[in-house]
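Worksheet: one structure, shown below.
In each ligand, atom 1 is the first atom listed, and ligand 1 is the first ligand listed.
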Amino acid sequence: MSSNIKDLIIVGSGMGGALTGVLNQDKETLILEKEPNLGGCASSFKHHGYYYNTGATTLVGYEENHPLKRIFDKVGYTPNLKRSSIAIRTIQNGKVLDRVKDFETFLKALDEVYYHPNNRLFWETIKTLDELFWQLKSVHYAKHSLKAYQKTLSCVWELYGTFKNLLFKEASSYINEVLPNISKEYQAFIDAQLLITVQSSSKNIPLLSMALGLSYPFHDVFYVNNGMGQIFKELLEPLNVQKNEEVLKIEKHKNVLLVKTRKEEYQTKNVVINLPIFESFKLFDDYDSYLFYEQFHAHEQSAFVVYLKIKSKEKFLHHYQLILNKQIAHTTSQAMFVSFSDSEDTVLSKDGYSVTISMHTNVNFWKQLSISDYEVQKHRTQTQMIKEFLACFETLKAEHIESFFSATSKTFQRYINRSNCGGHVLTIENMLRFPACTTPFKGVYHVGDSVFAGQGWPGVALGVEVLQEELKRRF
Ligand SMILES: Cc1cc2nc3c(=O)[nH]c(=O)nc-3n(C[C@H](O)[C@H](O)[C@H](O)COP(=O)(O)OP(=O)(O)OC[C@H]3O[C@@H](n4cnc5c(N)ncnc54)[C@H](O)[C@@H]3O)c2cc1C
């Protein structure tokens with residue numbers, strides 16, 4: 001057993017764990033990561049000599065008023081980024097729409113592809129709500145102590161003061177009001193964009209979530225040079241990080257928490273868990289924890305990702321969204337998100353483009369298959385996805401593909417201990433029951449995209465700031 005008591009142990013080096021780690025590097029902090037690669041869903045890895053991003057390929061939120069920028073600035077870290085001039089190109093039935101930052105340019109292009117007389121009103125409202133949100137001063141959501149509830153209440157008060165009745169409005173009813181008789185194609189475009197950012201279509205989500213989800217291309221969207229994993233390598237360089245060390249159990253003792261791995265037993269006063277909250281019951285054997293974690297249920301949504309190495313002299317944008325008319329086997333949406341490595345990236349684009357194509361899929365489907373059927377079905381989905389991808393890029397042919405393989409929810413489970421991927425969807429119904437970073441147990445906290453505030457860099461960084469406020473009371 002390690003003799004000294006750590007101030008803080010962080011279980012996992014995903015976005016949430018890593019950002020919490022750097023903010024607490026002045027303390028005796030230890031990060032334990034199961035994998036050799038840091039970053040979880042946002043890591044990068046090497047496969048047969050080529051590098052790929054595991055999941056996340058875009059970075060948003062490196063700008064004023066955003067938590068990610070505040071955190072990086074606070075610790076003096078400058079990421080190696082390249083701005084994507086076009087955040088994402090959407091292709092649907094041969095129609096092309098570029099999501100660019102400049103509002104008037106975007107609106108003009110939108111009117112050409114999805115005309116509606118109220119387009120300006122709709123998108124101006126969406127953009128304004130997003131801007132107002134990122135200017136809020138006291139975003140907070142925590143439970144299990146009087147102070148936490150007080151801070152949360154004052155945040156709700158500020159939210160209400162800012163958004164008034166729009167705060168409780170449903171996204172779908174807002175669409176029906178402002179964009180009456182919206183075409184099927186236009187609705188599919190909106191829903192496909194939302195699926196990337198909020199993991200849900202416009203049904204059931206609040207208007208504010210829709211505004212935040214649809215507005216990301218109005219911000220600076222960045223490509224991370226040398227792979228997303230590079231950020232974690234650089235950020236965590238000065239910290240005490242143990243890779244290849246999976247936490248198996250956490251025991252709660254009177255004055256200390258015992259964190260057990262196969263190699264060591266560490267003592268700490270505080271632990272931040274970066275596993276999804278609904279997977280965290282596995283770490284505890286006591287009955288109180290069982291009762292607490294039992295209330296959180298994993299959603300069934302996950303990702304199917306095809307990884308390709310493509311040799312081509314063509315120039316590509318960083319990101320495309322291909323909205324299909326047909327259903328690809330074993331996927332749950334009709335949109336593919338495609339990311340190309342930047343042609344000047346000396347790591348990812350060495351010997352060709354590193355490309356990922358991702359779609360949504362259902363965890364339960366992959367879980368119930370036999371080993372042999374699993375391979376057959378995986379192959380089927382992969383083949384159909386590659387075929388549709390090639391159909392959208394006239395100049396690309398099968399012979400340009402040097403290497404390909406794919407990941408299902410089972411693959412994500414094997415590597416990073418989570419079969420569901422993407423954040424926890426904030427719906428109208430679960431708004432007040434949403435998991436928080438705090439738990440009823442002294443010194444036990446959560447961070448990441450399964451607890452407040454959301455997925456991806458902007459959401460997870462915001463959640464990290466909320467957690468940091470709560471942690472301050474412990475140190
Ligand atoms: C296909 C895909 C594409 C995406 N694209 C984008 C994008 O372009 N931009 C964006 O901002 N977001 C994107 N996202 C979302 C984003 O990647 C996630 O929301 C975010 O990375 C989740 O971070 P997290 O803090 O929850 O940690 P996770 O990524 O869940 O990481 C948790 C870490 O904990 C480790 N761990 C698990 N169990 C243990 C244990 N017992 N002991 C020790 N370590 C453990 C894991 O190995 C992992 O490293 C994408 C997600 C997916 C799946």
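- Between Y50 and Y52, the angle of the ring planes goes over 60°, which puts this pair in the perpendicular group of the 30/60° scheme.
- Between A303 and ligand 1, no pair of N/O atoms sits closer than 3.5 Å.
- From K34, atom NZ reaches atom CD of E246 across 5.5 Å, with rounding to the nearest 0.5 Å.
- Close approach of ligand 1 to I416 is summarised as follows: ligand atoms under 4.0 Å from at least one heavy atom of the residue are 37 (C), 46 (C), 47 (O).
- When each atom of ligand 1 is checked for a heavy atom of G14 under 4.0 Å away, the hits are 25 (O), 27 (O), 31 (O), 33 (C).
- For ligand 1, the atoms closer than 4.0 angstrom to any heavy atom of V11 are 40 (C), 42 (N), 43 (C).
- Residue contacts with ligand 1, taken as heavy atom pairs separated by less than 4.0 Å, involve D449 via backbone and side-chain atoms alike.
- Scanning the protein for heavy atoms near atom 53 (C) of ligand 1, the closest one is C421 CB, 3.5 Å.
- Going from atom OG of S280 over to atom CZ of F296 covers 9.5 Å, rounded to the nearest 0.5 Å.
- Between D285 and K249 a salt bridge is recorded (basic side-chain N to carboxylate O distance below 4.0 Å).
- For atom 14 (N) of ligand 1, the nearest non-hydrogen atom of the protein is A56 CB, 4.1 Å.
- For the pair R99 and F218, the cation sits on the ring face: its NZ or CZ lies under 6.0 Å from the ring centre, inside 45° of the axis.
- Those atoms of ligand 1 with a heavy atom of G448 less than 4.0 angstrom away are 24 (P), 25 (O), 26 (O).
- When G12, G55, G17 are ranked by how near their heavy atoms come to atom 52 (C) of ligand 1, first place goes to G55.
- Ring geometry for W366 versus Y374: interplanar angle over 60°, hence perpendicular rather than tilted (30 to 60°).
- Looking at N37 next to ligand 1, no N or O pair under 3.5 Å apart turns up.
- Below 4.0 Å from some heavy atom of G40 lie the following atoms of ligand 1, by number and element: 29 (O), 31 (O), 48 (C), 49 (O).
- Residues meeting the salt bridge (Lys or Arg N to Asp or Glu O under 4.0 Å) test with D130, sequence neighbours left out: none.
- The environment of K263 atom NZ is dense: over 12 non-hydrogen atoms of other residues, nucleotides or ligands sit within 6.0 angstrom.
- Of the protein's non-hydrogen atoms, C41 CB, 3.4 Å is the one closest to atom 17 (O) of ligand 1.
- For E279, no heavy-atom contact with ligand 1 is shorter than 4.0 Å.
- Close approach to T57 involves these atoms of ligand 1, each under 4.0 Å from a residue heavy atom: 7 (C), 8 (O).
- No salt bridge links E245 with R262; every basic N to acidic carboxylate O contact stays at or beyond 4.0 Å.
- Under the 30°/60° scheme for interplanar angles, the aromatic rings of H330 and F365 are found to lie parallel.
- At the top of the distance list for atom 47 (O) of ligand 1, counting protein heavy atoms only, stands E33 OE2, 2.6 Å.
- Among the atoms of V460, none of the N or O lies under 3.5 angstrom from an N or O of ligand 1.
- At the shortest separation from atom 42 (N) of ligand 1 among protein heavy atoms lies V247 N, 2.9 Å.
- The protein non-hydrogen atom at the shortest distance from atom 24 (P) of ligand 1 is N274 ND2, 3.6 Å.
- Those atoms of ligand 1 that come under 4.0 Å of a heavy atom in T58, given as number and element, are 7 (C), 8 (O), 9 (N), 10 (C), 11 (O).
- Here the heavy atom of the protein found nearest to atom 11 (O) of ligand 1 is W457 N, 2.9 Å.
- Of the protein's non-hydrogen atoms, N417 ND2, 2.9 Å is the one closest to atom 38 (N) of ligand 1.
- By the 4.0 Å N-to-carboxylate-O rule, D220 lies too far from K69 to be salt-bridged with it.
- Within the listing of ligand 1, atoms 26 (O), 28 (P), 30 (O) sit less than 4.0 angstrom from a heavy atom of R418.
- A pairwise comparison of heavy atoms in D98 and R89 identifies OD1-NE, 2.7 Å as the closest pair.
- Taking only nitrogen or oxygen atoms, main chain and side chain alike, T54 does not reach within less than 3.5 Å of ligand 1.
- Checking side-chain atoms of T90 against main-chain N and O of L97 turns up a donor-acceptor pair under 3.5 Å.
- The cationic atom of K82 (NZ for Lys, CZ for Arg) does not lie both less than 6.0 Å from the six-membered ring centre of Y223 and within 45° of the ring axis.
- Considering backbone and side-chain N/O of K34, one or more are found under 3.5 Å from N/O of ligand 1.
- When atom types are taken as modelled, the side chain of S13 and the backbone of G39 share a donor-acceptor pair closer than 3.5 angstrom.
- Polar contact with ligand 1: absent for F412 (N/O pair, distance under 3.5 Å).
- Where the criterion is an N or O separation shorter than 3.5 Å, residue side chain and backbone included, L283 fails it with respect to ligand 1.
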